Every structure is written in structure tokens, then in C-alpha cells.
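Please read the structure below before turning to the comments.
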Protein chains: 4
Amino acid sequence: MSAPVKAAVIGASGYSGIELLRLILRHPGIELVAVTSRALAGKLLSTEFPRLRGIAPADTLAFIEPDVELVKQSGAQVAFLALPHGVSATFAKPLLDQGLRVIDLSADFRLRSPETYAEFYDHAHPHPELLAEAVYALPEIRAEEIQSARLIACPGCYPTSILLPLIPLLKASLIDLNQPINVSSMSGASGAGRNASVPLLFCEVNGSLRPYSVPRHRHLSEVGQELDLAAGQSVPLTFVPHLVPVHAGICTTTFVKLAQDIAPEQINTTLEQAYADEPFVRLLGQNHCPDTKHVVGTNFIDIGWAHDSRTNQIILMSAEDNIGKGASSQAVQNFNIAFGYPATTGLMQV
Amino acid sequence: MSAPVKAAVIGASGYSGIELLRLILRHPGIELVAVTSRALAGKLLSTEFPRLRGIAPADTLAFIEPDVELVKQSGAQVAFLALPHGVSATFAKPLLDQGLRVIDLSADFRLRSPETYAEFYDHAHPHPELLAEAVYALPEIRAEEIQSARLIACPGCYPTSILLPLIPLLKASLIDLNQPINVSSMSGASGAGRNASVPLLFCEVNGSLRPYSVPRHRHLSEVGQELDLAAGQSVPLTFVPHLVPVHAGICTTTFVKLAQDIAPEQINTTLEQAYADEPFVRLLGQNHCPDTKHVVGTNFIDIGWAHDSRTNQIILMSAEDNIGKGASSQAVQNFNIAFGYPATTGLMQV
Amino acid sequence: MSAPVKAAVIGASGYSGIELLRLILRHPGIELVAVTSRALAGKLLSTEFPRLRGIAPADTLAFIEPDVELVKQSGAQVAFLALPHGVSATFAKPLLDQGLRVIDLSADFRLRSPETYAEFYDHAHPHPELLAEAVYALPEIRAEEIQSARLIACPGCYPTSILLPLIPLLKASLIDLNQPINVSSMSGASGAGRNASVPLLFCEVNGSLRPYSVPRHRHLSEVGQELDLAAGQSVPLTFVPHLVPVHAGICTTTFVKLAQDIAPEQINTTLEQAYADEPFVRLLGQNHCPDTKHVVGTNFIDIGWAHDSRTNQIILMSAEDNIGKGASSQAVQNFNIAFGYPATTGLMQV
Amino acid sequence: MSAPVKAAVIGASGYSGIELLRLILRHPGIELVAVTSRALAGKLLSTEFPRLRGIAPADTLAFIEPDVELVKQSGAQVAFLALPHGVSATFAKPLLDQGLRVIDLSADFRLRSPETYAEFYDHAHPHPELLAEAVYALPEIRAEEIQSARLIACPGCYPTSILLPLIPLLKASLIDLNQPINVSSMSGASGAGRNASVPLLFCEVNGSLRPYSVPRHRHLSEVGQELDLAAGQSVPLTFVPHLVPVHAGICTTTFVKLAQDIAPEQINTTLEQAYADEPFVRLLGQNHCPDTKHVVGTNFIDIGWAHDSRTNQIILMSAEDNIGKGASSQAVQNFNIAFGYPATTGLMQV
């Protein structure tokens, strides 16, 4: 095996950040050379994240200031960005200019349209000139572009769980788009971030089930973009996320109308064809329901489906880890593709 | 105040049963005279349910065998049935014959059609002759019939959370029924009962988000019946329940198409008119999301809504306690109506 | 019944505060006339605490600034203080001067010695002149003094769970004090307060079991004071609290050496005698273990015990709600005693 | 690297069993050739444990009947036994006779004395003749014996968390044994097994903190045996376990008296010396508290300590995964030692 790729993680203080560190520290093809965090600069990785104690080099590597020059000096060939939207783009630009490849976990490079970005994220895009180049990096859909991309935009957590079941069905024209696609998702609290906040306290989340961000969650923008691309037309879509008391995990249930003259079994055939060679998509089949507890901590997405003959609707059900397949392990999957490793390298722990 | 009504609870060993006992023991208009359980006969209430220790008469009243004659001898004027479907009807009949009024928490008297019952519950109805008389007792919708009913069928937990937001909108013809109504619900584990079962162990439920009973949960039958009645036509409906790691609470999200030429604000007006005088329906208004943690342990249902202008759909969101408003406290609310007490008697703890 | 007592709650934005409001709003002998919170001034109670919607007067009463003059104008005869230590004393003084009785939930008036206060709370006591007058208000131990007290200091959450099992045994000289008393407690996260803080996020508490504040938690000071008083000598004591993933509840396990020539059965006799007439102390007897789920939301404390014949030690086990019997419902119990109501008034919900 | 060792897992239907499978499937030095379960015979591993789908050979290997002949035919060189006590010994005997090495996770070979076994496990030992040969396999204490052992008895979950902090201190005579050692532990629900049982339902465990098995938990027997060995005298000990609402994790707090003329710092020195070369013991130092969330899913045990100068007691605090370091990953650690692999092989995931 050739020398491991030198990697930096920019902004590693949140739940996606630590998940990324956890995976990278055990990845045989990555050498972690720099980790930045303004708040934690100077601290050892394992001091902030005691779970990592004893896992080299977490006991010797310290967070550094998020300075592009320092990152460059570390010898990093690739940078994973786990930063808030808006901030991420301002780091991506100079890192790309320095010759690093960038794998971004934020929303900054997911949209093709700066207008849509501004509409959903409430500020102008800092580097709209990079949008055309960025790849919306669902590895099961865009492996080829990812291989050669300089700027890899990892999809959001909800979007991954919504898009993977839907895209093959839309491409195969199995869905009647005269009726809106309705999506109800539940997410664990790690999706809301690791910031001090009363509504995210244990006592406010435990025992609580609640929808939020209705009717217009930010992830609608990227889901819409990708569904439209897959369908070749505008896809009507309503999306309701819910916060539920688990650490990690997204469970998504999608209601779609079966197109005329389509037999329900074609759902199965189409999904099987689309994902036959994909190691991280586990198809459960008809009337089998996924369960987040079987995917949390992994890069798997489990997909089941059912046909409601009373309404001729298909119910798509998916489960993934919001900070795994929905964020950090998907980023590592993209790394594997981009740097020529087998897709499963470093990702088969369960 | 006149003498309290003498009441029996039949089958009080489950989560609805203990919730019923908890409420009845503190209700100023009810004297608990008999509690039956085959498995627990001879045991004191507070031995099985240590939470009730010190709350008279839980320390002196023992469970008795589920024998109609014994119940009659206790002097009970009303019997609350917290029994499995199928079993409940076989107790209701002789209790009615003995002159007791019956408040049934099971599914046995919710459906008007014995054929639908047989289709959804997999056995013939034990007493189809009673179905015509039974009232599907949503207290906010059928107070008048409940007042004089001998046989009160309390709605299911999911149905209560689905029907209360929808019925006024259907009655007012605000919903376009050419498109199916899609309902996604989450429920706490108490809804699955208090029976030894591996899938309901702490270690199987904690950290787990999972749909189940797709595509045809039993509650579809009663929801369908009541929606059809409200709309005056057949209402297409798909329903997906999910099990999530909370003890109690149902959170329901419903997607409906707004009828042509209806302004979204009419949703608000219609709900406000329907529930203006109802003490247990709390309307949160547009873009306000309910949270189960504010209703668990109470008889309240909280309802919010949103309009997705991109699809012209209405998102209805409701939260209730599945063993409270969805079962036992709703049964007590029906008792209050049936026996002439103010609706809120014994039900205003929060 | 005479007119209800007019009460104010000072500093009602935390978990003890809302628990206090919940109880007071349903207490037949209390009229809530003022609620203060600097952060929430102007907001309705039910806006901040949606659980209280529909419970008069939570929909009409607004938080006011924590101003003594405003509290006086409200007509309040008694003030419940749910404030941080240090702050509480600065409100207690002028409220007492205005003629109100004060029921303090903070630590400010629990200690007799201003030196001990300064040692454990890291600042000088604001009003040491009030310490002699204050009653350390364990209602089962000091009912007589509470009846006439102007200044009632409610015990801390851990101390209540430690002291109630131990005090009768120390008074009866059943314990060998040549060996330290060792106490291990577990508490739910509400005990840590309702402030934005990363270590209290759902994702940091869920799945986490951890001791904290070793070897010297602040509650050692009041526990030590009261044990010494009961024993008539200095009592050696080590205390280790743990944070565990529940909303509310304290479970305390205490290891003590049985004194020479004492039969284990005397533990039972002594506890039974001490608490025979106490409605909120539930004695479970030998080898019966309490469970916090039976006391959360109530004012009960459940106490069991065992004798380890191998070491001749007694294991005392108690369970209570840290924000109930450990804080707010105990405060209401003290109110009942102080104002001549039966001890159980407003406190028998389970 | 030489060919992987062929291994069988006997009785893999519980939480330790699946944890063992999870580790073995990813261990580079183990080839899983047989998995037995009476209840699951014929089922694929990944059908019963959907988390393992896609991890070869979980999709192709089926459970077989627990038949020694079948296990022999599989070519297994070593058998991991994850069976109930009493049953385990009846499999160990013939497997040893067939020439396999046995790594037992049950209690059957932990005690040297068949009398103590009978006293604590309520039945005679099925094969007392094997007890002398078995090694009580704490890898940090008995690596040398484990290397050559035919019969490796993995310590219990609580004992591991109690013994590792204590043994070096007892060996160094730092503890005053005139006073009992008091141990309070909390365990997640997976420790209670994967059997249908009402007290282990989600609704009974969630929100519940409770001691159990007082005053004489079975693990006292092996802890006592090993402490006595380390101290060279009889060690008085009281132990109270608690069940708390987490899936996995044990947090143990131990109170011991410092021996005369011993400086508290010697605790640190002694622990550091004992575990300097041990990759899975993470010493946190004085006044640093462990947290189970940092060790769950790993083979680490985190140990902190404090000195209470008021009583001259040492507080030892440890955290581990009850089904990891307390069971299955410790079994794999023992495998590594027994078969000449580096101790960390297959065990460094975090």
C-alpha cells in the first residue's frame, strides 16, 4: 500500500467533527496531520474528546488555530471541513488555492444556484464562483465525478436519507409527480449540534417528540435540486423534520404516489438494480421496516418499502446515522473514492 | 355534591390500567369499588403498582378475579374496561345486562361494521348486536350522545391525535380529497403494552426509531370510519406509525392538500370555532409546533399547523399522551360527560 | 375554608421553579399573585412553560421584574425563593422586612455557621444575621419550628434523601460512628439546572454515567451539620454524587456500620416509629429496594434497607424526586405546615 | 501473518453474544466457523442481528444447534461460551475433551471453590474437577497463565470494574482492611440479558434508578475471592448494584480507608506502575471522574480517584462497557493473549 494521504480536519469541535476524527484515526489510508478549532486550540484531541484517549495520535496531536497557512504547513493533501455554513466557504477557497482537495460537510457547496443558497441560508454565498465546480457528493450516485473532484460537497443528513430511496424511482419514472411527495423524518439530537442551548438540554429533549422548522427546513433546497435533476422536471415536495430523544439516527418515511400502470414490484426491482454493487445500501425489501439502532455508528443506510393498495401509494422507509452516513462516514466514503481506496476502507465497523 | 359514582376497572394490569387507577383514585366524583385482573387477583393495588402506595384505597383494595358477578356485588354503577380486543366485548355484554354503564378502552366497540372489525382484528365480533348502540366517544365531537350512552367506546390513541385536527377541516370542506391524506405518527412504548416481549425491552427500544405495521395498522379502520363520516364521502388515507424511545406520548404529523380557493387562514378560523369551548384542546396556531413533553401525564391535546405554499399543502401537527388523552384520561373525560360532572373534574393536573 | 394565602414565586425560570408553579397553580390554599424572573419579565407563564397552558391563571399572569416593591404591591403574604445561592439571601432580607414569610429553596439559609457557608459556597454570606432565625426545614423532623418560622430554609435534594433514613437511626444510636458513613447518590439532570451548558446537552448526558464534584460536593456541609445534630457528635461522612440520564429522581445508597449489640431488626422498628404518622415517607422494609420511577412527580420518599451480615453493615436505600420532595413539593409541604393546612394539601397527585 | 484461528461461539443470542460476534467478524486473526443457538438454529446471523447485514460472513453463516459434535466438525480450535451459568460447564467439558481451547464468559469457572459456587449459584457445580485448571482471566493481572490456559474464565462485568482499581492497591498494602470496602455500582440494562421480562421493558427501565440484589449479589463471590488473593487475607466487602437507564456501561464507585501513614499520592504511583504497559486501562488521575459514554463500545476501562481528607478515605471510580471490557471484548483480549496476537488486535475501535 502506498503512503497514507495526509489529511486535516477543519473545525472539529462538534458531533460531526468527533465522528470524523474517530473514523480517520482508524483509517489505514489516512494520516491525520492537523485538526483546527478556534475554541480548542492548544488542547490535545484526547483532552477534549476523552473517548479518543489511547488511540494514537489523539494523545499527542493538539488542535491548532484555523489558519490556512498552518494547515498548509502540516503537509495536508486534503481538508475535511466540519464548519458552519457561510464559514466553510471562506476556508474552502484558500485551501483549494493552496492545492488541497476539499471535502466539505457543510451546506456551502451543495447548491448549484447562489440565489437558492441566499434564499435558504439568509446571506449571499461567499464564493459563488466555486459552485459550478463542486460535486454534490452522494457516492452511490456520483462516484465518477467524485473521483476527480477538487471540491466535494457532502450531502446533508436528511437529504441522504430522502434521496437514496427516491432517486432511482424518479429516474425510472415510477412516481406520479402530479401529487406532492410528502416526507416525514425524525432525527437524533446530535443533528442540532454541540452548542450550549436550553432547548437541547437533556431535560428538554428527553421525553420530547416535536416537529420543527415547518414548513421550510433548509434541507428542502438541496433535496429539491437533486429530485428535480433525477426526475428531469420540478418535483413538488413537503418535508417535516422531528426532533426525538436519541443521540444519533435518522428515520425517514416518504409517501409517494405510484405512477399509472406501474406494478409495486417494480419498486423492488429498481432499487435492487440501482444498489446491487453498493456496499452501504442495505435493501430490506417489501414490508420490512428499518430501525436506526441497526445503523447508528455505521455508514449503512437501510431501506424498506411498502405498497398501500388502498391509496396506491408507496411508503419508503430509510434509516441511517445522521452523523455517519448523513455526514462524517459518508465524507470518508467520498475520500475513499476520491483517493482511489476501496469504498469500504475504514468503514466496516458495526 | 352528590355521592360519588361507584366504579370498577376491569383488566387493570397494563399501562392504560394503571393510568386509569391513578386518575380515578384522585377523582372527587368516583369511588373505586372493584379492580379486576386474572393475573393479579388477591394482590393489593399498591403492591403491584408501588407508585400508588399511600394513596387511599390503593393500600387496602385488592385485585379480584374478572368475574361479572363479583363486579356486580361491588355495587359498581360503571365499569371501565381496559382489556384486549375480543375479550372486552365478552365482558361488556353481561355488565350491560347487569345494568352497569360501560366505558370501553379497547377497540371492540369503535367500529360500526362487524365486517370491518373482522377484517382488521382477524376474528368475528363477539357481540355485533351491540355495535349500533355504542358511541365512538370523542368527547369534543360527540358529547351529546355520550351523555346518555350505555356503551361508550373510547377512541384509540393514534386515532384521537389524527381525528381531532382533521374532523373540523373535513366538515368545513377545506381539504382536497382527490389526494390521499398522509399521516406519520410516533408513539412511546407504553402504547405497545406491558407484556414480556424481547422487542419491547429497554435495550431494543432505547436508541431505536422504527416504523411498524405498514402498510395497514389496525387503527386505520376507525380513523377511516370517522373521517368518512366527517367528510360525507370516502377519504383516501395512508398511515405510518413509528415506535420511538419515550415512555408515553404521540406526535402526529398529517399532510393534506388545501381545497381550491381556500385561504390557509381558514384552517385557523375553523379550528378556533370548533374548539373554542373545549378545555382540553390547546390550539397553538400557525407555524407553532407541539411537543409531547408538554402534554404527557395530562388530558390535553396540543395542535399546531403550517401551510406549505410550495405545494399548497397543510401540515397538521398534534401531540397528546397516548395513555392519557389517547386512552385513560379521555375515558375519564367521557365519564364526566356521561355522569354529569364538569368535563375537567379530576383532569386538570399538569 | 378561609381565603387562600397570597403567594409570590421569586425566580421561577428553572426546573424547581416550574415544578413549584405546577403545584401552586393546583393548590386550593394558595393564590398565586406574582412570579418574577429578570429574563422572562413581561412574558406570560404559559408562554415560557407551554405545559401550563389552560391552567388558570398561567394564561393571564405575566412574569414581573424581581423587584421587592412590586412583590409587596401584589399583596403576597409569602414568597417562595427559587434563586441561586448568594442571590436568594439578598431577596429574603427585604421581603422579611416587608412582613412576608419566606420559603427559600436555595442553600442560603441552610447552614447555621457563616464560616461553613463561606467555605463551601466561596463567598461571604450576604446576611449572616438571619442564620440563627432560619429553620432547616425537614418537615418530618422540624414541623413545630416550621409552624411559626418567618424564614424557612428547604433542604437540598441530596440531603433530603440522605438525612431522612439516617436521622432516626443516629438519634437511636444504632450506628457505629468509628467508621465513616459512605453515601453514593445518583441524580437526574434537572438537578443541574436549566442553563445553557454543553455538558448538560442531551447528547452529553444520554448514555452517560458519571460521578462528579468529588470529593467535596457542597451538600456535604448541610448533611454534616444535620447528622452531627442528630448524633450529638461529629459524624464522619464521604459522599459521591453521580449524574445519570433521567430527567428527575435521586436514588441514594448509604453504607453504615451497625453499632455493637444492635440487632438489624431495630432498623425497622426505629424507622417505623419515626415515620408512623408521616404521609410522605413510605417505608418498604428489609431487602426491598426503592425505585425512582415510583416517586418522580410526587412528594413521596421511599426507603428500604438491608443488612449485610458478612460485614455487619446496614445498606440504606432511598428514592425521591430531586425537584419534588428534594425541592419544590417539600417547599409546599413546608408551606402547608407554616400556614396551618393539612400536610397533604395539594400534594397527593401521583 | 499466519492463518486465522478458527473459532466457534456457543450461545450467541444475548447481548454479550452479539457483541462477541461484532468483534470477531472484524478481527483479522479469527475466522468464525460456527455459531450455535438452540432458539435460532437455521437462521442466518444477519437475520437475527440486522446490524450485521453486509458484514461477511454474517449473511451466509447460519446458527447451528448447540451440539459439540457439530462444533468439532466446523474445525473450530477455540470456543467462546456465552451461555448461562450451569449450562456453560456442561459444554466446556466435552469441548475441552475434543481438544478445543475454551474461553468462557459465564460464571462457571471463575470460582476456585465448588462450595462457594454452590452457595452463590444455588446448584452443585457440574464439573468441579475443572476448577483447578481454569484461569480467572483478568488479562492485566494474569497474562502469563492465560497464554497457556486451556480453560479461560472471563471475569464478570461488575468484578472487572471493581478489581482492576483495587488489586494493585491491595497488593501494595495501601488499604486499611479493618474497615469494610464499600462498592456502589450502576449498570446498563444489557447486563440483565435479552430475555422477555416485564421489569426489563423500556417502560419499566426508562426513568428508573434502582438498587437490586441487596445485600448479596452473585458477583460478590468472585470479587471476594480475588480481593482476598491480592491482599493475602480476608477482605470485608459490601456491594450494591443499581440498574439505570442506559443500554450499556458500568460505573463503579468504591470507598476504601487509606492505611495508616500512606500518602494519598501513592494511589497514583501504584496505579501508574501497575498499568503502565496496559493499553486498555486509562488512568485519569486524582479528582478526575470517568464517564461511561467514553468507554461504551470499547475495551477500555477508565479509572479516576479522589482522596477525602475529612475521612481519610480513597474514592475509586471506574467506567467500562459491561458487555465490552466487562464481557465480550475482554474475552477477545484474552483470545489475543492465548493465541499470541498483540493485545490490541481487533480491539482498537472507539
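Letters A, B, ... are given to chains in the order of the sequence lines, protein chains preceding strands, and every chain is numbered from 1. Please read these numbers as outputs of a predicted model, since none were measured by experiment.
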Considering distance alone, list the donor-acceptor pairs between chain A and chain B shorter than 3.5 Å.
{"unit_1": "A:Asn182", "atom_1": "OD1", "unit_2": "B:Gln313", "atom_2": "NE2", "d": "2.6"}
{"unit_1": "A:Asn182", "atom_1": "ND2", "unit_2": "B:Gln313", "atom_2": "OE1", "d": "3.3"}
{"unit_1": "A:Ser184", "atom_1": "OG", "unit_2": "B:Ser184", "atom_2": "OG", "d": "2.9"}
{"unit_1": "A:Glu204", "atom_1": "O", "unit_2": "B:Lys293", "atom_2": "NZ", "d": "2.8"}
{"unit_1": "A:Gly207", "atom_1": "O", "unit_2": "B:Thr292", "atom_2": "OG1", "d": "3.4"}
{"unit_1": "A:Ser208", "atom_1": "OG", "unit_2": "B:Asp291", "atom_2": "OD1", "d": "2.9"}
{"unit_1": "A:Ser208", "atom_1": "OG", "unit_2": "B:Asp291", "atom_2": "OD2", "d": "3.1"}
{"unit_1": "A:Leu209", "atom_1": "N", "unit_2": "B:Thr292", "atom_2": "OG1", "d": "2.9"}
{"unit_1": "A:Leu209", "atom_1": "O", "unit_2": "B:Thr292", "atom_2": "N", "d": "3.1"}
{"unit_1": "A:Arg210", "atom_1": "NE", "unit_2": "B:Asp291", "atom_2": "OD2", "d": "3.2"}
{"unit_1": "A:Thr238", "atom_1": "OG1", "unit_2": "B:Asp308", "atom_2": "OD2", "d": "2.7"}
{"unit_1": "A:Thr238", "atom_1": "OG1", "unit_2": "B:Thr311", "atom_2": "OG1", "d": "2.7"}
{"unit_1": "A:Thr238", "atom_1": "OG1", "unit_2": "B:Gln313", "atom_2": "NE2", "d": "2.8"}
{"unit_1": "A:His242", "atom_1": "NE2", "unit_2": "B:Thr253", "atom_2": "OG1", "d": "2.7"}
{"unit_1": "A:Thr253", "atom_1": "OG1", "unit_2": "B:His242", "atom_2": "NE2", "d": "2.7"}
{"unit_1": "A:Asp291", "atom_1": "OD1", "unit_2": "B:Ser208", "atom_2": "OG", "d": "2.8"}
{"unit_1": "A:Asp291", "atom_1": "OD2", "unit_2": "B:Ser208", "atom_2": "OG", "d": "3.1"}
{"unit_1": "A:Asp291", "atom_1": "OD2", "unit_2": "B:Arg210", "atom_2": "NE", "d": "3.2"}
{"unit_1": "A:Thr292", "atom_1": "N", "unit_2": "B:Leu209", "atom_2": "O", "d": "3.1"}
{"unit_1": "A:Thr292", "atom_1": "OG1", "unit_2": "B:Gly207", "atom_2": "O", "d": "3.4"}
{"unit_1": "A:Thr292", "atom_1": "OG1", "unit_2": "B:Leu209", "atom_2": "N", "d": "2.9"}
{"unit_1": "A:Lys293", "atom_1": "NZ", "unit_2": "B:Glu204", "atom_2": "O", "d": "2.7"}
{"unit_1": "A:Asp308", "atom_1": "OD2", "unit_2": "B:Thr238", "atom_2": "OG1", "d": "2.7"}
{"unit_1": "A:Thr311", "atom_1": "OG1", "unit_2": "B:Thr238", "atom_2": "OG1", "d": "2.7"}
{"unit_1": "A:Gln313", "atom_1": "OE1", "unit_2": "B:Asn182", "atom_2": "ND2", "d": "3.3"}
{"unit_1": "A:Gln313", "atom_1": "NE2", "unit_2": "B:Asn182", "atom_2": "OD1", "d": "2.6"}
{"unit_1": "A:Gln313", "atom_1": "NE2", "unit_2": "B:Thr238", "atom_2": "OG1", "d": "2.8"}

Original post:
Is it the backbone or the side chain of A:Leu209 that comes under 4.5 Å from a heavy atom of chain B, or both, or neither?
Top reply: both
Original post:
Which answer fits A:Val235, side chain, backbone, both or neither, if we ask what part of it has an atom under 4.5 Å from a heavy atom of chain B?
Top reply: neither
Identify the heavy atoms of [X] and [Y] that sit nearest to each other, and give their distance.
| X | Y | answer |
| --- | --- | --- |
| B:Val246 | A:Gly207 | CG1-CA, 3.8 Å |
| B:Phe255 | A:Val240 | CE2-CG2, 3.8 Å |
| A:Pro211 | B:Cys289 | O-CB, 3.3 Å |

Which atoms of [X] come close to chain A, meaning under 4.5 Å heavy atom to heavy atom: side chain ones, backbone ones, both, or neither?
| X | value |
| --- | --- |
| B:Met186 | both |
| B:Val244 | side chain |
| B:Val295 | neither |

**OP:** Specify which of A:Val296, A:Leu243, A:Leu220 makes the most heavy-atom pairs with chain B at under 4.5 Å.
**Re:** A:Leu220
**OP:** Among A:Gly224, A:Cys251, A:Pro180, A:Gly304, single out the residue with the greatest number of heavy-atom pairs under 4.5 Å to chain B.
**Re:** A:Pro180
